[in-house]
Amino acid sequence: MARRRTKSLASLPARAGREVEDRLGVATPLRGLLNKVFPDHWSFLLGEIALFSFIVLLLTGTFLTLFFDPSMREVVYDGSYTSLRGVHMSAAYASSLDLSFDVRGGLVMRQMHHWAALLFLAAIVVHMLRIFFTGAFRKPRELNWVIGSLLFWIGFLAGFTGYSLPDDALSGTGLRIASGILLSIPVIGTWVTSSLFGGEFPGDLIIGRFFILHVLLIPAALVALISVHVGLVFKQKHTQWPGPGRTNSNVVGERMFPRYAIKQAGFFVAVAGVITLLAGALQINPIWLFGPYESAVVSAASQPDWYVMMLDGAIRLMPAWEITLPFGDGYVIPPMFWPAVVLPGLLTTLPMAYPFLEARLHRDTAPHNLLQRPRDVPARTALGAMAVTFFLVLTLSGGNDVIADKFQISLNALTWAGRIGLLIAPPLAWWATYRICLGLQQHDREVLAHGVETGIIRRLPDGGFVEVHQPLVDGGLDYAGWVVPKKMNRLGALGPALKGFFVPLERPAEAPVSPGHPPVEPREERREITSRP
Ligand code: HEM
Ligand code: HEM
């Protein structure tokens with residue numbers, strides 16, 4: 001009797017599964033999903049770090065929303081932080097102070113939220129660089145690249161609206177700059193600014209409006225776009241590095257269930273653990289030290305979060321050039337317009353267009369599921385290094401007042417160093433990266449021709465010494481370098497520099513390039529990886 005009961009209990013999940021299947025018919029798609037194969041490489045974890053820190057943001061953000069009051073109503077602070085007792089401030093700032101000092105676990109949640117935001121944007125940027133430098137954005141993944149670029153800018157807005165909410169002196173300074181940027185837009189600037197702030201800056205509406213944006217609209221947009229983004233990774237299947245048995249039309253890796261899913265769950269716990277550790281150990285955004293925002297107060301060394309520093313740097317470096325247009329009494333375009341509106345516009349559209357421009361330049365219409373090593377495509381790698389250097393100079397210039405203060409250097413000299421650096425450093429980075437890539441290719445060719453250096457020195461009968469080289473086991477590398485065209489050699493030293501920009505040469509070795517190449521739907525090979533290249 002007891003045995004029969006145990007048996008019927010054991011078959012309960014199976015029976016429940018059958019009942020669900022009878023009604024919803026989800027078994028086949030679910031089986032397909034659980035059997036999905038993912039290639040394994042550490043660099044594929046970057047997107048996951050972005051995803052997991054976003055989940056931490058959603059969870060901690062929900063907690064903060066329970067206690068945060070987005071109101072500009074004036075209150076007199078009487079919480080636990082004695083230094084600010086009796087000070088007039090907005091309810092928003094007072095509730096952020098309460099979150100930090102009077103709500104149990106509130107400070108660690110605020111700090112987790114802020115650290116998660118920094119990690120989220122850092123992971124997005126490094127993930128984007130991985131996609132760029134390995135050519136993972138090429139056909140058929142251009143759309144996902146475009147969606148990713150949108151995700152970056154929406155994440156940027158999420159961060160900016162978030163750190164504006166507590167209404168402390170630092171967030172108010174950020175809002176002041178934002179209002180200046182909007183005002184600089186020709187023709188519609190004044191209207192846009194007064195619509196957003198509900199009249200003159202700062203007004204008493206902006207925090208409430210940013211709150212709706214920050215806790216509702218932006219997270220909803222992010223959830224929707226991330227779902228499409230990751231959905232496309234599932235649909236198109238992940239790229240993989242070339243290696244034994246890996247081709248443009250298969251995927252070699254681990255099945256989604258059970259090992260990959262368990263590994264991912266572990267990785268989520270690790271990411272959340274690191275964020276908690278940071279939040280517990282390292283103070284971030286101590287708003288009680290800054291005080292409430294007043295339009296007349298700007299503290300020195302105001303630093304935005306790291307991802308906003310490039311914009312701040314661009315504004316600091318821009319010379320005070322006012323352009324007066326010959327309309328009416330002379331229409332003035334303020335200098336702020338170029339670094340704060342035009343530059344971000346270019347930085348949004350150019351990267352989005354890049355996959356299409358590169359494909360066009362290379363007359364490449366083939367689909368690519370195998371990744372490229374950065375050295376194999378020197379022109380692209382050098383372009384990426386140039387862009388990264390451009391951003392670094394801007395970011396450093398965003399903190400030039402702090403550098404000037406700490407190292408006792410003139411701020412004006414640093415501004416000039418930034419201006420000159422912005423013109424000189426990126427082309428230098430381009431040239432150095434290009435040469436390094438060619439050098440690494442040369443090294444590959446040597447390994448192909450002579451084998452791997454063993455460090456064993458042999459003495460020859462005639463008294464000479466040689467190093468023993470071990471030939472490659474399977475006689476070749478899985479990667480292909482690219483061929484230097486003969487006509488470029490005639491250009492001498494200019495050749496390598498010009499080649500990258502003008503010559504559509506880099507025929508990826510793994511796929512034929514022909515117009516209208518039929519799309520290759522990667523076939524999944526359901527086998528585990530036993531060895532890595
Ligand atoms: C990608 C998503 C998000 C990013 C990048 C982000 C970023 C930030 C940042 C940097 C702050 C300032 C924290 C501080 O004061 O030190 C903040 C504050 C806040 N965030 Fe978010 N956040 C995100 C999503 C959310 C979500 C989904 C919610 C709610 C469901 C939320 C609710 C809040 C609240 C209520 C505050 C004000 C709390 C306070 O500091 O007093 N956030 N956010
Ligand atoms: C909220 C931000 C983002 C999240 C949560 C996210 C998440 C992911 C995840 C989990 C993957 C699969 C694993 C991996 O390859 O790392 C992926 C792949 C991809 N992501 Fe993102 N991503 C984000 C932003 C971006 C950005 C900014 C770009 C580029 C501009 C981008 C472009 C791509 C592309 C092209 C793939 C396919 C890569 C391949 O198959 O090799 N993503 N993303």
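For clarity, every value in this text was computed on a predicted model and none was experimentally measured. Order of listing sets the numbers, starting from 1, for every ligand and every atom in it. Reckoned from all heavy atoms, side chains included, excluding hydrogens, waters and symmetry mates. Numbers here simply count residues along the sequence, with the first being 1.
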**Message:** Give me the residue, atom name and distance of the protein heavy atom closest to atom 3 (C) of ligand 2.
**Reply:** Leu151 CD1, 3.9 Å

**Prompt:** Does the distance from a Lys or Arg side-chain N to an Asp or Glu carboxylate O, for Asp40 and Arg259, drop under 4.0 Å?
**Reply:** no

**Request:** Provide the closest heavy-atom pair for Gln441 versus Asp376 in the form atom of the first, atom of the second, distance.
**Result:** NE2-CA, 3.8 Å

**Prompt:** For ligand 1, does Leu165 get within less than 4.0 Å through its side chain, its backbone, both, or neither, judged by non-hydrogen atoms?
**Reply:** side chain

**Prompt:** Does ligand 2 have an atom under 4.0 Å from some heavy atom of Phe120?
**Reply:** yes

**Request:** For residues Leu213 and Pro219, report the shortest heavy-atom separation together with the two atoms involved.
**Result:** O-CD, 3.7 Å

**Asked** What protein heavy atom sits nearest atom 2 (C) of ligand 1, and how far off is it?
**Response** Leu57 CD1, 3.5 Å

**Prompt:** Between His113 and ligand 1, is there a nitrogen or oxygen pair with a distance under 3.5 Å?
**Reply:** yes

**Ligand-residue contact atoms, ligand 1 with Leu58, heavy atoms, under 4.0 Å** = 27 (C)

**Message:** For atom 39 (C) of ligand 2, what's the nearest protein heavy-atom neighbour? Residue, atom name and distance, please.
**Reply:** Thr239 OG1, 3.3 Å

**Request:** Please check if atom CG in Asp102 has more than 12 non-hydrogen atoms from other residues, nucleotides or ligands closer than 6.0 Å.
**Result:** yes

**Asked** Numbering the atoms of ligand 1 from 1, which are under 4.0 Å from a heavy atom of Leu99?
**Response** 41 (O)

**Item:** Check: Ser43 and Trp241 side chains under 4.5 Å, non-hydrogen atoms
**Value:** yes

**Asked** At a non-hydrogen distance cut-off of under 4.0 Å, which region of Leu222 contacts ligand 1 (side chain, backbone, both, or neither)?
**Response** side chain

**Fill in**
At under 4.0 Å between heavy atoms, what of Leu121 touches ligand 1? The answer is neither

**Item:** Nearest neighbour in protein (non-hydrogen) for atom 34 (C) of ligand 2
**Value:** Ile131 CD1, 3.4 Å

**Item:** Nearest protein heavy atom with distance in Å, relative to atom 38 (C) of ligand 1
**Value:** Leu64 CD1, 3.8 Å

**Prompt:** Can you tell me the protein heavy atom closest to atom 6 (C) of ligand 1 and the distance?
**Reply:** His214 CE1, 3.3 Å

**Request:** Could you tell me which atoms of ligand 1, counted from 1 in the order shown, lie closer than 4.0 angstrom to a heavy atom of Phe54?
**Result:** 1 (C)

**Request:** Please report the shortest heavy-atom distance between Trp306 and Leu118, naming the atom on each side.
**Result:** NE1-O, 3.4 Å

**Message:** Quick test: of every protein heavy atom, which one is nearest to atom 40 (O) of ligand 1, and how far off is it to 0.1 Å?
**Reply:** Arg110 NE, 3.1 Å

**Request:** Report, in ascending order of atom number, the atoms of ligand 2 lying under 4.0 Å from any heavy atom of Ala136.
**Result:** 41 (O)

**Asked** Do Asp305 and ligand 1 have an N or O pair less than 3.5 Å apart?
**Response** no

**Message:** Taking 4.0 angstrom as the limit and counting only heavy atoms of Thr65, give me the atoms of ligand 1 inside it, by number and element.
**Reply:** 29 (C), 30 (C), 32 (C), 35 (C)

**Polar contact flag for Phe44 and ligand 2 (N/O pairs, less than 3.5 Å)** = yes

**Asked** Would you call Ser149 a ligand 2 contact, heavy-atom distance under 4.0 Å?
**Response** yes

**Request:** Compute the centroid of each ring, for Tyr260 and then for Phe257, and state whether the two points are separated by less than 6.0 Å.
**Result:** no

**Request:** Looking only at protein heavy atoms, identify the closest one to atom 37 (C) of ligand 2 and say how far it is in Å.
**Result:** Arg141 CD, 4.0 Å

**Taking every non-hydrogen atom, the tightest pair across His368 and Thr239** = O-CG2, 4.5 Å

**Asked** What pair of heavy atoms forms the shortest contact from Thr134 to Arg380, and how long is it?
**Response** C-NH1, 4.0 Å

**Asked** Relative to each other, are the rings of Phe234 and Phe38 parallel, tilted or perpendicular (30° and 60° limits)?
**Response** perpendicular

**Asked** Do the non-hydrogen side-chain atoms of Tyr93 and Tyr293 ever get within less than 4.5 Å of each other?
**Response** no

**Request:** Please state which part of His127 comes within less than 4.0 Å of ligand 2, counting heavy atoms only: side chain, backbone, both or neither.
**Result:** side chain

**Message:** Closer than 4.0 Å to some heavy atom of Ile124 - which atoms of ligand 2 meet that?
**Reply:** 1 (C), 2 (C), 27 (C)

**Item:** Element-labelled atoms of ligand 1 that are located less than 4.0 Å from some non-hydrogen atom of Thr62
**Value:** 29 (C), 30 (C)

**Message:** Give the atom numbers and elements of ligand 2 that come within less than 4.0 Å of a heavy atom of Val233.
**Reply:** 12 (C), 17 (C), 18 (C)

**Asked** Closest non-hydrogen protein atom to atom 16 (O) of ligand 1, residue and atom name please, with distance?
**Response** His114 ND1, 2.6 Å

**Item:** Protein heavy-atom partner closest to atom 28 (C) of ligand 1 - residue, atom, separation in Å
**Value:** Gly61 CA, 3.5 Å

**Request:** Using a strict 4.0 Å cut-off to heavy atoms of Pro166, name the atoms of ligand 1 that fall inside it.
**Result:** 15 (O), 40 (O)

**Item:** Asp98-Ser95 side chain donor-acceptor pair, cut-off 3.5 Å
**Value:** no

**Message:** Before you tell me yes or no, could you show the steps for Tyr354 and Trp145 under ring pair (Phe, Tyr, Trp, His ring centres under 6.0 Å), namely the whole-Å CA-CA distance, both residues' side-chain angles and the distance that decides it to 0.1 Å?
**Reply:** CA-CA 9 Å; Tyr354 184 81; Trp145 169 267; 7.4 Å; no

**Message:** I need the nearest protein heavy-atom contact for atom 11 (C) of ligand 1: residue, atom name and distance, please.
**Reply:** Gly162 C, 3.3 Å

**Contact atoms of ligand 2, heavy-atom distance to Trp145 under 4.0 Å** = 29 (C), 30 (C)

**Message:** For ligand 2, which is the ligand I care about here, please tell me if Arg130 has any N or O atom under 3.5 Å from one of the ligand's N or O atoms.
**Reply:** yes

**Item:** Part of Ile226 with heavy atoms under 4.0 Å of ligand 2, whether side chain, backbone, both or neither
**Value:** side chain

**Asked** So, is His229 polar-close to ligand 2, with some N/O to N/O distance under 3.5 Å?
**Response** yes

**Prompt:** Counting from 1, what ligand 1 atoms have a heavy atom of Asn285 closer than 4.0 Å?
**Reply:** 14 (C), 15 (O), 16 (O)

**Asked** Quick one: does ligand 1 sit under 4.0 Å from the side chain of Ser96, the backbone, both or neither, non-hydrogen atoms only?
**Response** both

**Item:** Min N/O separation Asn144 to ligand 2 under 3.5 Å
**Value:** no

**Request:** Examine Gly47 against ligand 2 and note whether any of their N/O atoms are separated by less than 3.5 Å.
**Result:** yes

